[in-house]
Amino acid sequence: MTSLVFRLLDHHVISGLADDLAVADDRGTVSYAQLLHESACIAAGLHHMGVDAGTAIVLDGLHGRDLVTAVTACARIGAVPAASGDFRLVGSPPVLHAPGTEVTWDVLDKAGRTEPHTAPDRDAQGYEPTLRAAYPDIIETLEQGGTVEAR
């Protein structure tokens, strides 16, 4: 079976839903293609900062497209949503608090644009149920090709 994030984004884009709405929030809308690109760039930026598969990451105070992008970026690298950890994405716009440094969302995005992170072939054992339990509404809506309403 392919990875969860591939099924949530990449598959929909490949299957012709690229222009369909993935997220609608107070700032506007994001298509599946845009969400795939943004999450791949943020994932690569996080990876450059030391976030790898299995790394615990706290998503705190994120809303709307920022939360959906962060969740799908974490899924791209296999980072595990957690209540505590050395890495925290906090606020709006998000800021990554990492050991010894803080990096803004726009810097993570720019750093990741040089080589956006691809979806893994498969998830680590137990990863999918963990992500589903942490963000059931986001996962279910994207899996069905729907729009996450995050207003």
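For the pair L21 and T29, the minimum side-chain heavy-atom distance is below 4.5 Å. Side chains of D20 and H12 form no contact here, defined as non-hydrogen atoms less than 4.5 Å apart. Counting only heavy atoms from C-beta outward, the side chains of M49 and T101 approach each other to under 4.5 Å. A 4.5 Å side-chain heavy-atom check between L96 and T104 finds every atom pair outside the cut-off.
Look at R7 and E128 and you find a salt bridge, because one of the NZ, NE, NH1 or NH2 atoms lies within 4.0 Å of a carboxylate O, short of that distance. Comment: R132 does not engage D137 in a salt bridge, judged by the lack of any side-chain N to carboxylate O separation of less than 4.0 angstrom. Comment: D26 does not engage R65 in a salt bridge, judged by the lack of any side-chain N to carboxylate O separation of less than 4.0 angstrom.
Residues S31 and Q34 approach most closely at N-OE1, 2.7 Å, considering heavy atoms. The heavy-atom pair separating L62 from A70 by the smallest distance is CD2-CB, 3.6 Å. Between P99 and D86, the closest heavy-atom pair is CD-O, 3.5 Å. When all heavy atoms of T2 and R122 are compared, the pair lying nearest together is N-NH1, 4.0 Å. Residue A111 comes nearest to G45 through the heavy atom pair CB-CA, 4.5 Å, listed as atom of the first residue, atom of the second, then distance. The two residues A43 and I77 have their closest heavy-atom pair at O-CG2, 3.8 Å.
Within the 3.5 Å criterion, the main-chain N or O of G28 finds a donor-acceptor partner in the side chain of D25. No donor-acceptor pair closer than 3.5 Å links the side chain of Y127 to the backbone N or O of L4. Looking at S3, its side chain does come within 3.5 Å of a backbone N or O of P120 through a donor-acceptor pair. Without hydrogens or angle criteria, T141 side chain to G146 main chain gives no donor-acceptor distance under 3.5 Å. In this structure a side-chain-to-backbone donor-acceptor pair under 3.5 Å is present from T72 to T69.
Here the rule is side-chain contact (heavy atoms from CB on, under 4.5 Å) with V80, and of L131, T130, V51, T55 only T130 fits it.
Legend: residues meeting side-chain hydrogen bond (donor to acceptor under 3.5 Å, both in side chains) with T114, ordered by chain and number and at least two apart, are absent.
To the nearest 0.5 Å, the span separating CD1 on I138 from CG on L8 amounts to 10.0 Å. The distance from atom OH of Y135 to atom CG of L142, rounded to the nearest 0.5 Å, is 13.5 Å. Rounded to the nearest 0.5 Å, atoms CG (L9) and CG (L17) are 11.0 Å apart. Atom-to-atom distance recorded for C74:SG and I42:CD1 is 10.5 Å, nearest 0.5 angstrom. Atoms CG and CG, from L89 and L108 in turn, are 7.0 Å apart once rounded to the nearest 0.5 Å. Taking SG from C41 and NZ from K110, the interatomic distance works out to 12.0 Å, rounded to the nearest 0.5 Å.
A donor-acceptor pair shorter than 3.5 Å can be found between the side chains of R113 and H37. If you check the side chains of H47 and D52, you find a donor sitting under 3.5 Å from an acceptor.
By the criterion of side-chain heavy atoms lying less than 4.5 angstrom apart, applied directly or through intervening Ile, Leu, Val, Met, Phe, Trp or Tyr residues, Y32 is not grouped with F6; the two fall into different hydrophobic clusters. At a threshold of 4.5 Å between side-chain heavy atoms, the hydrophobic network of Ile, Leu, Val, Met, Phe, Trp and Tyr places I57 and V95 in two separate groups. V90 and L59 are assigned to two separate hydrophobic clusters, defined by single-linkage of ILVMFWY side chains at heavy-atom distances under 4.5 Å.
In the displayed structure, E115 atom CD is contacted under 6.0 Å by at most 12 heavy atoms of other residues, nucleotides or ligands. When the shell of 6.0 Å around NE2 of H48 is examined, it contains more than 12 heavy atoms from other residues, nucleotides or ligands. More than 12 heavy-atom neighbours from other residues, nucleotides or ligands sit within 6.0 angstrom of NE2 on H97.
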Does the pair F87 and V58 meet the rule for a side chain to side chain contact (heavy atoms under 4.5 Å, CB included), with working shown? CA-CA 6 Å; F87 294 90; V58 179; over 6 Å; no

Please step through side chain to side chain contact (heavy atoms under 4.5 Å, CB included) for the pair R76 and L36, ending with a clear verdict. CA-CA 10 Å; R76 278 196 178 275; L36 188 152; 3.5 Å; yes

Would V30 and V68 satisfy side chain to side chain contact (heavy atoms under 4.5 Å, CB included), going step by step from the backbone distance to the final call? CA-CA 10 Å; V30 177; V68 176; over 6 Å; no

